[in-house]
Amino acid sequence: MDYTFQWRAAFRALPDMLWGALVTLEVALLSMVLGTFLAILLAVASGCRFRALRALAISWVELARNTPAMFQIYMVYFGLGSLGIFLDSFLALLAAITFNNAGYLAETFRGGLRAVPGTQMRAARSLGMGQLQAFRLIVLPQMFRVVFPPLTNQMVWAILMTSLGVVVGLTNDLTGVTQDLNVRSFRTFEFFAIAAVIYYLMTKLVIGSARLMAWRLFRY
Amino acid sequence: MMQTFFDTSLTLNDLWFMLKGAGVTISITFWAVLGGSILGLLLGLGRASAPWWLNGPIGFVLDIFRSVPLLIQFVLANSFKSIIGLNWSAFTVGCVVLAIYTASFCTEVVRAGILAVPPTTRRAARSLGMTWGQDLKEVVFPIALRVALPNWIGLTLGVMKDTALISWIGVVELLRSSQIIVTRIQEPLFVLGIVGLAYFILCFPISRFGARLEARWREND
Amino acid sequence: MLRKAGIRLEKVAKTMIEIENVHKHFSTLHVLKGVSLNVQKGEVLSMIGGSGSGKSTMLMCINGLEPIQGGTIRVDNTDVHAKSTDLNKLRRKIGIVFQQWNAFPHLTVLENVMLALRKVLGKSKAEAEAIAVEQLKHVGLGEKLKAFPSRLSGGQQQRMAIARALAMSPDYMLFDEVTSALDPQLVGEVLDTLRMLSQEGMTMIVVTHEMRFAREVSDRVAFFREGLIHEIGTPEQIFDSPQRSETADFLRSVL
């Protein structure tokens with residue numbers, strides 16, 4: 001083996017990589033917030049009586065779940081580009097991951113809704129609560145507890161998915177920064193190894209904080 | 001005929017090229033899932049019955065493969081193989097990495113399946129006089145399968161979609177083949193549309209089948 | 001002044017539940033086949049009968065949780081199933097306790113009882129808390145105010161459900177087999193609570209399998225069979241000298 005590992009260069013680049021990690025977290029978080037909002041709409045739409053809306057919602061969900069994330073990013077970046085809608089790499093990545101998240105989370109929310117027994121709604125209504133009131137005060141909080149673990153998982157997925165930004169030229173998330181450094185120095189292994197460690201730590205951070213949140217929120 | 005109707009520069013040759021790409025996708029999926037499932041099965045069985053001091057480290061290592069982006073795993077594996085002078089093709093590297101990745105998830109799938117069998121049920125079987133082997137075959141296996149199979153199907157589909165990332169280390173699978181064509185004929189929407197359809201046709205029926213299986217089994221409980 | 005009192009007397013609202021020829025279907029299943037019944041204020045009525053006889057369904061129809069396809073149900077002269085009726089408002093007058101108590105798991109015992117007081121009746125936090133505490137002490141759960149329902153036994157959760165319904169100061173209380181899902185040793189505490197309520201003059205309709213309790217506490221007992229009331233009378237009439245053979249057969253099978 002005539003390759004000498006040169007870790008010092010990699011460690012010197014750590015601050016840049018950590019800034020990249022911050023961008024990664026930013027994209028992941030944004031895509032989760034937007035994705036959750038859209039997912040709730042999709043979950044409601046897929047059960048509503050208006051056929052066109054229901055078809056749209058189901059198509060979105062099935063498309064998001066049965067095609068690769070990388071394909072979705074290409075579609076948003078190149079495909080929309082041919083229609084005249086030019087998104088930069090950051091927005092394209094964000095849009096694609098949000099699209100993906102919304103699709104997966106819609107299923108999660110539908111399952112979560114089913115998990116709350118109908119008898120809870122019945123008990124709330126028999127106390128005189130209106131339908132929306134009962135939903136907000138009784139069903140929603142219980143549903144939140146059920147969907148919390150899948151939401152956490154999806155957040156981890158989102159963080160890992162942001163690495164695909166590099167295929168459409170994103171240079172300021174963690175993978176983009178790492179690739180940039182790689183191209184300039186050809187120390188592929190060292191740089192990407194450190195990036196891997198940073199990703200690992202990020203996912204552990206997310207899971208840890210989620211567990212803490214769950215402990216505080218769901219004391220019952 | 002296609003040219004007059006659709007007004008595209010896409011040729012039959014291009015479609016054949018993409019079909020070959022699809023073949024590569026399916027091939028990688030096959031090897032990765034095969035290797036990964038066998039490894040996952042062994043590790044899963046091991047983890048379900050192993051002592052904590054063995055379980056912990058194995059779990060830790062497997063968790064790493066689930067917490068680092070696949071793209072980076074491919075790059076690292078590819079560069080590592082060059083460093084140690086291994087003469088593998090990018091295809092082989094891809095299959096190996098994907099197999100280990102599959103195994104890390106498959107382990108959990110198997111473990112969850114086994115743990116889904118209530119010990120009380122197994123005790124009942126043994127009290128009826130069944131041997132350890134019979135218990136495993138008649139009681140544990142069917143129950144574990146019902147939990148594990150839908151998850152395993154989902155895992156396989158996930159791997160098939162993840163094969164798209166292998167293009168980053170130079171393997172020409174379905175998505176990459178389509179990109180090559182797009183650079184030539186500049187019709188991204190059309191070509192990507194075909195690719196999306198292809199992935200959809202590969203994934204959707206299988207995922208529906210898995211869902212139906214799951215529903216049918218849940219009904220019988 | 002006497003004339004005014006006379007006029008006021010006439011305008012006093014009827015306080016009773018009037019069920020007239022009610023029919024109900026669950027798709028093709030004809031569950032209630034023309035049930036007629038009147039329940040006066042202060043009365044304790046027990047409904048007994050086999051499973052599927054329609055007694056629980058009858059209860060669900062009284063507060064509008066289930067729709068009916070024929071007949072009328074009037075509570076204090078208001079048609080429960082009329083389109084113009086504000087069901088949410090009506091339900092404040094009718095408390096119901098289910099077999100599976102249906103505690104709200106994400107709220108403490110105290111919060112469970114306070115919720116409807118604040119959100120439906122619009123009471124202030126202090127007011128709601130005072131009422132809730134009083135009701136919970138009334139049913140013997142004064143020590144468990146801050147606990148979550150998951151920490152309580154079935155009997156305690158059921159008593160909490162009773163307090164939750166009572167806190168709304170309903171005129172009528174409906175009980176749907178409230179002891180059927182409990183372990184035998186927990187049944188007693190819930191029946192004691194019901195007994196106490198009956199002695200305090202609450203109007204109650206109790207669907208139950210506890211025959212001894214029904215006999216002891218009720219003013220009247222109605223025997224349900226196949227969607228109709230086959231026989232109705234005082235406990236002595238029903239239990240000691242049933243007129244219909246079906247009634248006698250049923251009693252023989254459960255006693």
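Chain letters run A, B, ... following the sequence lines, proteins first, then strands; residues in each count from 1.
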Novice: Q133(A) versus chain C, heavy atoms under 4.5 Å apart: side chain, backbone, both or neither?
Specialist: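 Just its side chain gets close to chain C.
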
Novice: Can you tell me if N63(C) and R125(A) form a side-chain donor-acceptor pair at under 3.5 Å?
Specialist: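 No, no side-chain donor-acceptor pair sits under 3.5 Å.
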
Novice: Look at atom CZ of F218(A) and say whether more than 12 heavy atoms of other residues, nucleotides or ligands are closer to it than 6.0 Å.
Specialist: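 Check passes, neighbour count above 12.
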
Novice: Can you tell me how far the OG1 atom of T108(C) sits from the CZ atom of R219(A), to the nearest 0.5 Å?
Specialist: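 CZ of R219(A) is found 12.0 Å from OG1 of T108(C).
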
Novice: What's the shortest heavy-atom distance between I96(C) and S126(A), and which atoms?
Specialist: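 I96(C) and S126(A) have their closest heavy atoms at CG2-CB, 3.3 Å.
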
Novice: Side chains of R122(A) and F98(C), heavy atoms from C-beta outward: is any pair under 4.5 Å?
Specialist: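 Yes; the side chains approach each other to less than 4.5 Å.
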
Novice: Could you tell me whether K137(C) atom NZ has more than 12 heavy atoms of other residues or ligands within 6.0 Å of it?
Specialist: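 Counting other residues, nucleotides and ligands, NZ of K137(C) stays at 12 neighbours or fewer.
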
Novice: More than 12 heavy atoms of other residues, nucleotides or ligands under 6.0 Å from CZ of F26(C): yes or no?
Specialist: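 Yes, because the 6.0 Å sphere around CZ of F26(C) holds more than 12 heavy atoms from other groups.
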
Novice: Would the number of heavy atoms belonging to other residues, nucleotides or ligands and lying under 6.0 Å from CD of E143(C) be above 12?
Specialist: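 No, not enclosed.
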
Novice: Tell me, yes or no, whether the heavy-atom count around E20(C) atom CD, taken from other residues, nucleotides or ligands under 6.0 Å, exceeds 12.
Specialist: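 Atom CD in E20(C) is not packed in, count stays at 12 or less.
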
Novice: May I ask you to name which of S150(C), A103(C), G95(C) has the most heavy-atom pairs under 4.5 Å with chain A?
Specialist: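 Most heavy-atom pairs under 4.5 Å with chain A: A103(C).
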
Novice: Under 3.5 Å, is there a donor-acceptor pair between the side chain of H106(C) and the main chain of L137(A)?
Specialist: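 Flag set: sc H106(C) to bb L137(A) pair under 3.5 Å.
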
Novice: Could you check if a side-chain atom of P105(C) sits within less than 4.5 angstrom of a side-chain atom of Q120(A), using non-hydrogen atoms only?
Specialist: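 SC-SC contact between P105(C) and Q120(A) confirmed.
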
Novice: Less than 4.5 Å to any heavy atom of chain A: does that hold for the side chain of L87(C), its backbone, both, or neither?
Specialist: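 It is neither, since no heavy atom gets under 4.5 Å.
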
Novice: Check this for me: R211(A), atom CZ, are more than 12 non-hydrogen atoms of other residues, nucleotides or ligands nearer than 6.0 Å?
Specialist: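 Incorrect, the count does not exceed 12.
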
Novice: For A161(C), is it the side chain, the backbone, both, or neither that has a heavy atom closer than 4.5 Å to a heavy atom of chain A?
Specialist: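 Contact with chain A is absent: no heavy atom of A161(C) under 4.5 Å.
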
Novice: Counting only heavy atoms not in R151(C), do more than 12 fall under 6.0 Å of its CZ?
Specialist: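 Open: at most 12 neighbouring heavy atoms sit under 6.0 Å from CZ of R151(C).
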
Novice: Is it the case that over 12 heavy atoms from other parts of the model lie below 6.0 angstrom from the CG atom of L132(A)?
Specialist: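 Counting other residues, nucleotides and ligands, CG of L132(A) stays at 12 neighbours or fewer.
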
Novice: Using non-hydrogen atoms and a 4.5 Å limit, figure out which bit of N102(C) sits close to chain A: side chain, backbone, both or neither.
Specialist: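 Contact with chain A involves both backbone and side-chain atoms of N102(C).
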
Novice: Measure the shortest side-chain to side-chain distance between L127(A) and M168(C) over non-hydrogen atoms and say whether it is less than 4.5 angstrom.
Specialist: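 SC-SC contact between L127(A) and M168(C) confirmed.
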
Novice: For R164(C), is it the side chain, the backbone, both or neither that has a heavy atom under 4.5 Å from a heavy atom of chain A?
Specialist: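 Its backbone and side chain both get close to chain A.
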
Novice: Should M129(A) and L115(C) count as side-chain neighbours, where that means a heavy-atom distance under 4.5 Å?
Specialist: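 A side-chain contact exists here, since the closest heavy-atom pair is under 4.5 Å.
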
